[in-house]
Number of protein chains: 2
Amino acid sequence: MPRTAKPSPRRPAAKPRRPAARRAPAEKPYHHGDLRRVLVDAAFDLVGEAGAGAVSVREAARRAGVSPGAPFRHFQSRDALLAAVAEEAQRRFRAEIDKALAKAPADDPLKRFRCLGRAYLDWAMRNPTHFEVISSRRLFDHGKSAAVTRDNNEVVGLTESLLKDAHARGQLGPSDLKQVLIGARALVYGFARMAIDGHFPRWGVAEGEVDRMADAVLDLFISGIARRPGHTSA
Amino acid sequence: MPRTAKPSPRRPAAKPRRPAARRAPAEKPYHHGDLRRVLVDAAFDLVGEAGAGAVSVREAARRAGVSPGAPFRHFQSRDALLAAVAEEAQRRFRAEIDKALAKAPADDPLKRFRCLGRAYLDWAMRNPTHFEVISSRRLFDHGKSAAVTRDNNEVVGLTESLLKDAHARGQLGPSDLKQVLIGARALVYGFARMAIDGHFPRWGVAEGEVDRMADAVLDLFISGIARRPGHTSA
DNA sequence: CAAGCCGTGTAATCGGTGCTTACATTCACA
DNA sequence: TGTGAATGTAAGCACCGATTACACGGCTTG
């Protein structure tokens, strides 16, 4: 695949490329300072600019100002490079989740639960291509990255424990917790993907409405699982 | 991309390219019978075998027994070929939806609504790669195919009208219909994508449980929007 | 029936891609 | 200070999408 056949912006060079180990930056040291890092950054940017499909080893090498074979010293394959990008994306995603939860009321699990969902949607809609990388396999094999897997499992555990806390406090109705967990996750993941995959226009949701709709749908779901007058909580 | 680097079966050639003009299809007529159809079928199979990424014009040509340039007489680009595959997939998807609705009780909109969701999930999980083709843009531009767009809009309209009917019959609670529509769609789409993208294992849902979980989640959502004792329906 | 247009196939070619191998350079450590 | 390991370059393979010039032959038309 011509990989969307970019005109290949190709930086005008001008890369000091680091203070050089000892003296005189000397134009172009044979060894790149931290090629691995630069390659991941370049690939990360490529994902942001045109999606995972736009990532090519050669383009990353071009942006790093290095020969086409060089990246293979650091990444066994294109997929490995993409996996590194996924790890970076997953790290940032996780950080935003944590930040949002830090701002949420510490003593209301159900509100924290909702806040988690909202933060998830916010990040996904603001970083659609990176979200896709960390979400859909086929773009890269999640099993290949222990870091992504671990981070993911932590988010799962976090979600689960918030739900359990809410249940313990009597905030939830009689529904099965696991079903609620999966339902919530499906709802949020589906909403994010609808946005990313461009489904909203044909479902009658205009660009500017998406944010409010996100809130409304979260509220709808939560009101559906919350304890209601007239029901016991178990 | 080596596009999964197939060993490239490559027919044993033997193309005398005989006159064979008049009768007896004999060996190999210069003109293929219906190359376009055969190419779409081949590409359709490729999607089923290894996903949309595995579709290459050359492989489709190989399977059709024609030269690599031949497909371009029928499809302007690889994307156009993929769009044709998407149309075929969308057609089959739509057919299954209609079939399922034909079996559903005609006088219970809410049950028909649930049945539609279940049929959606069934088809998606049985045809993950084709579902992905008709769902995520980036694989092909939905705007390029009027047929896919039309079919999609019909499904949207169908869903919407079922919901309206349910509301008119007092089967629903006081929630905003549009929010219910989007919530339902997000839930179902998200569930399907979780299955396709391999999320269920890390969310604690084993292979064999997915089907029951699908039912449970549908019920959970519907019970959340259905009219409940103690509430008026509007 | 013959002529020839034109749709549809082939062959050759171009540039882009992932990836490998052989070689060159430099760093870091003994 | 010398040397091996790490890391870059150069060249090249196979595959891909896409384009072009040319070959075939079914079809209409005179």
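Source: prediction; values computed, not measured.
Taking the centre and axis of the six-membered ring of A:Phe44, the NZ or CZ atom of A:Arg92 falls inside the cone set by 45° and 6.0 Å.
Per the geometry, CZ belonging to B:Arg63 stands 12 Å off P belonging to D:dC16, to the nearest Å. One atom, CD of B:Gln76, and another, P of D:dT19, lie 7 Å apart when rounded to the nearest Å. Counting to the nearest Å, the P atom of C:dC27 and the CG atom of A:Asp34 are 15 Å from each other. Atom CZ of B:Phe75 is separated from atom C1' of C:dT8 by 14 Å (rounded to the nearest Å). At whole-Å resolution of the value, NE2 in B:His74 and P in C:dC6 are 18 Å apart. One can place CZ of B:Arg78 at 19 Å from P of C:dG16, the figure rounded to the nearest angstrom. For the pair A:Leu35 CG and C:dT25 P, the computed distance is 19 Å after rounding to whole Å. Note: CG (A:Leu81) to C1' (C:dT17) measures 14 Å, nearest angstrom.
The aromatic rings of B:His142 and A:His199 lie tilted to each other, with the angle between the two planes from 30° to 60°.
On a pure distance criterion of 3.5 Å, no polar donor-acceptor pair joins the side chain of A:Arg58 and the base of C:dG16.
Applying the side chain to side chain donor-acceptor pair (under 3.5 Å) criterion to A:Arg37, with sequence neighbours excluded, gives A:Asp41. Residues satisfying the side chain to side chain donor-acceptor pair (under 3.5 Å) criterion with B:Arg212, sequence neighbours excluded, are absent altogether.
Here the nucleotide nearest the side chain of A:Ser56, chosen from C:dT17, C:dC19, D:dT9, is C:dT17. Looking at the side chain of B:Val66, the nearest of the listed nucleotides C:dT10, D:dG17, D:dT9 is C:dT10. Of the candidate nucleotides D:dT9, D:dT19, C:dT20, C:dT20 has the atom nearest to the side chain of A:Phe72.
At D:dC16, one or more side-chain N or O atoms of B:Arg62 fall inside 4.0 Å of OP1 or OP2 (strictly under the cut-off). The phosphate of C:dG18 has neither OP1 nor OP2 within less than 4.0 Å of any side-chain N or O from A:Ser77.
Between B:Arg138 and A:Ile196, some side-chain heavy-atom pair lies under the 4.5 Å cut-off.
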